[in-house]
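Small disclaimer: the values here were computed from a predicted structure and weren't measured. Values below: all heavy atoms of this structure, side chains included; hydrogens, waters and symmetry mates excluded.
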Amino acid sequence: MEFNFMEDDQYQTIGLPNLLSSRTPPDVYFEWVGNRLETRKQDGFTADLNDAVANGPLAGIFDEDAFASATIDGQISLVPHIADVTNVLWYNTEILAENNVSPPQTWDELLAACEVLDAAGVTPIASGNKDLWAAGNWLAHVTSRVVGEEAYDAALTGTASFDDPKWVEAFGYVQQLADRKCINESINAIDDNEGAQLFFQGKAAMHPIGSWLVSWAIDEAPDLDFDFVNLPEMPGAGDQSSAIGVVTGYAVNAKGSHVDQAVEFLALLNSPEFVEQFIAAEAVPITLSAQESTSIDARTARLMALLSEAGAVISPPDTGYDLGTADAFYRALAEVIGGQTSPEDAAAQLASSVG
C-alpha cells in the first residue's frame, strides 16, 4: 500500500485532477462533498458504494443520515470521514478577561470588543489570508448572514448576480472590520499558519478558522486557554444560527484496479480501533462508534453539536461551488478587507467577472 501526501492548496487545485488522470491513479482519494464531488462523479471517478453500505464491508459503521451529502443521483459516492465546522471565532480566554471583554454574541459587540482591544494594544482578530481561503471562508459566512442563504447560493451557482444592493450591504460589513481596526494590517500578506501563530503566541485576542484548530493548538500552544463562539449575530436576511461547514471523506476510484480492496480498506479505516486513534489526534470521525466515545475534547464535541443543530449549514465557496467562482469571490473579499476596493466596486466587478 502506498500513500501520497500533498500540500492542501496544490491538491485542491491541480494535484488531484493530475493524479486521477495519470497512468497510476489512486484507488482511494480524499475529497470534499459539494461541487467537487459532483464533478468527480460526472467524470466517472467515483465508485457506486450503495451495496457496500447496505450489505457489504461498510454496513453498520455509519448512521444512514451520514451519507446524505455524499449521495449524488441516488449513488453513494464517498465514505464520509469528518464533518468540519470550517469557521468559528476562537478567542484567547485570558486576553478577553484581562480587558473585560466578553465573547461577542452580536456584530455590535464584536465591533465594541475590537475598539477596546485595539486601544489596549492587542490585535483584536488575526487572520492570514495570503492564499485567500482563510479569511475568505470567514467573510463568506459573514456575507451569507446578510444576504441570506438562498441569495448566497444563487450568486455562487450563477443563477443570480452579485450586482445587487444586498451584496453591496454585505461587503459593507466586511469593510467595517477593516475600518474599525478589527483585523491585523498584514491579513493579506501572511498565510494561514502565520495568522494562527499570532493567536497562539498571544499577540491577537481572536482568530477565525475551523475546527482543526483544536488539535493544532494542543500541539503548538499547549498552555493556551482558548474557546470559541459561532459567528456573532448580525443584521441581515440570513439565519443567524447558521454554521459554515463541510463533510470530507474518501472516494473509491471507479477507474482504479482495486475497487473491492479499496472498500475493505475504508471499512478498516473506520473501525472502532482506528476511530479511537483519530479521536486521540482530535480528528473525530462521524462513525457510530465515535458517537459512543468518552474521550472527545469538550470543544470538539461542542463544534459537532453546533454543526448538527445549526438552523442552516453554509457551504464554503471553495468546496461547495465552482473553484473559479470561489476564487473570484475570495479575491473580492480580500480586496475589501484590505482597503483596496469599495463594497460597491467589489460587487460590480464580481458580477462582471462571474456573471
Side-chain angles (χ1 to χ4, degrees), residues 84-131 133-139 141-142 145 173-234 240 243-244 282 296-306 333-334 337-339:
D84 272 318
V85 177
T86 58
N87 215 282
V88 290
L89 193 60
W90 297 96
Y91 61 87
N92 183 310
T93 304
E94 293 181 3
I95 290 178
L96 293 196
E98 288 170 359
N99 290 278
N100 295 315
V101 172
S102 298
Q105 302 295 321
T106 67
W107 189 255
D108 286 343
E109 288 179 6
L110 176 62
L111 296 180
C114 290
E115 182 177 356
V116 171
L117 293 165
D118 180 63
V122 178
T123 298
I125 304 172
S127 181
N129 198 44
K130 184 177 181 180
D131 298 317
W133 67 267
N137 193 279
W138 167 42
L139 300 176
H141 195 194
V142 168
R145 287 277 187 89
Y173 286 101
V174 174
Q175 185 180 53
Q176 283 185 23
L177 292 167
D179 291 346
R180 301 290 286 270
K181 297 182 179 180
C182 288
I183 47 91
N184 50 306
E185 293 183 0
S186 60
I187 184 170
N188 289 329
I190 63 176
D191 64 22
D192 58 300
N193 181 66
E194 293 170 295
Q197 293 305 319
L198 293 175
F199 181 66
F200 291 162
Q201 295 167 13
K203 297 179 180 179
M206 293 175 279
H207 180 52
I209 206 74
S211 54
W212 54 89
L213 185 92
V214 175
S215 58
W216 194 1
I218 289 173
D219 287 342
E220 299 200 19
D223 297 327
L224 180 66
D225 186 3
F226 67 102
D227 209 333
F228 74 90
V229 290
N230 193 13
L231 179 69
E233 294 181 7
M234 56 194 307
Q240 301 305 310
I244 185 166
E282 299 299 335
I296 299 174
D297 182 277
R299 289 163 295 203
T300 299
R302 285 170 45 227
L303 284 163
M304 295 170 66
L306 172 66
L333 291 167
I337 203 166

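- With sequence neighbours left out, D84 forms a side chain to side chain donor-acceptor pair (under 3.5 Å) with S211.
- For W212, there are no side chain to side chain donor-acceptor pair (under 3.5 Å) partners two or more places apart in sequence or in a different chain.
- With sequence neighbours excluded, the residues that form a ring pair (Phe, Tyr, Trp, His ring centres under 6.0 Å) with W90 are F226, F228.
- With sequence neighbours left out, the side-chain contact (heavy atoms from CB on, under 4.5 Å) criterion links E185 to no other residue.
- Counting heavy atoms from C-beta on, the side chains of E220 and Q197 come closer than 4.5 Å.
- Proximity of L198 to N184: side-chain heavy atoms (C-beta onward) are separated by under 4.5 Å at one or more points.
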Would you please test F200 and D219 for side-chain contact (heavy atoms from CB on, under 4.5 Å) and show each step? CA-CA 11 Å; F200 291 162; D219 287 342; over 6 Å; no

Could you walk me through whether L231 and N87 pass the side-chain contact (heavy atoms from CB on, under 4.5 Å) check? CA-CA 8 Å; L231 179 69; N87 215 282; over 6 Å; no

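- Every side-chain contact (heavy atoms from CB on, under 4.5 Å) that E115 has, sequence neighbours left out, goes to R180.
- To the nearest 0.5 Å, atoms CD (Q201) and CG (L224) are separated by 11.0 Å.
- For the pair M234 and V142, the minimum side-chain heavy-atom distance is below 4.5 Å.
- Annotation for A204 and F199: closest pair O-CD1, 3.6 Å, computed over non-hydrogen atoms.
- For A205 against L117, the heavy-atom pair with the smallest separation is CB-CD1, 3.7 Å.
- Judged as a ring pair (Phe, Tyr, Trp, His ring centres under 6.0 Å), and not counting sequence neighbours, Y91 has no contacts.
- Using a distance-only test at 3.5 Å, with no hydrogens or angles considered, a donor-acceptor pair links the side chain of E194 to the main chain of D191.
- Looking only at atom types and distance, the side chain of D227 has no donor-acceptor partner in the side chain of T93 under 3.5 Å away.
- In this structure, the side chain of N92 engages the main chain of E94 through a donor-acceptor pair within 3.5 Å.
- With contacts defined as side-chain heavy-atom distances shorter than 4.5 Å, the pair L96/S102 does not qualify.
- Residue pairs that meet the ring pair (Phe, Tyr, Trp, His ring centres under 6.0 Å) test with at least one member in residues 110-130, sequence neighbours left out, do not exist here.
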If you apply the rule side-chain contact (heavy atoms from CB on, under 4.5 Å), what do you find for N188 with K130, and how did you get there? CA-CA 5 Å; N188 289 329; K130 184 177 181 180; over 6 Å; no

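- For D297, the salt bridge (charged side-chain N to carboxylate O under 4.0 Å, His left out) partners at least two apart in sequence or on another chain are R299.
- Between the side chain of D131 and the backbone N or O of W133 there is no donor-acceptor pair closer than 3.5 Å.
- Side-chain contact between M206 and P104: present, with at least one pair of heavy atoms (C-beta onward) separated by less than 4.5 Å.
- Here D108 pairs with nothing under the salt bridge (charged side-chain N to carboxylate O under 4.0 Å, His left out) rule; sequence neighbours left out.
- Residues S127 and I183 form no side-chain contact, since every pair of their non-hydrogen atoms from C-beta on lies 4.5 Å or further apart.
- In this structure, Q240 contributes its side chain and R145 its backbone to a donor-acceptor pair below 3.5 Å.
- When side chains are defined from C-beta on, Q105 does not count as touching E233, because their heavy atoms never get closer than 4.5 Å.
- Residues P208 and V88 form no side-chain contact, since every pair of their non-hydrogen atoms from C-beta on lies 4.5 Å or further apart.
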Evaluate N193 against W216 for side-chain contact (heavy atoms from CB on, under 4.5 Å), listing each step before the verdict. CA-CA 10 Å; N193 181 66; W216 194 1; 3.3 Å; yes

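- Of the possible donor and acceptor atoms, none in the side chain of T123 sits under 3.5 Å from a partner among the backbone N and O of A126.
- Screening L110, L306, L89 against V229 for a side-chain contact (heavy atoms from CB on, under 4.5 Å) leaves a single residue, L89.
- Shortest non-hydrogen contact noted between N129 and G136 is OD1-N, 3.4 Å.
- Atoms CG and CG, from N137 and D192 in turn, are 11.5 Å apart once rounded to the nearest 0.5 Å.
- With sequence neighbours excluded, no residue forms a side chain to side chain donor-acceptor pair (under 3.5 Å) with S215.
- The side-chain contact (heavy atoms from CB on, under 4.5 Å) search around D118 returns P124, K181, not counting sequence neighbours.
- The side chain to side chain donor-acceptor pair (under 3.5 Å) search around W107 returns Q176, not counting sequence neighbours.
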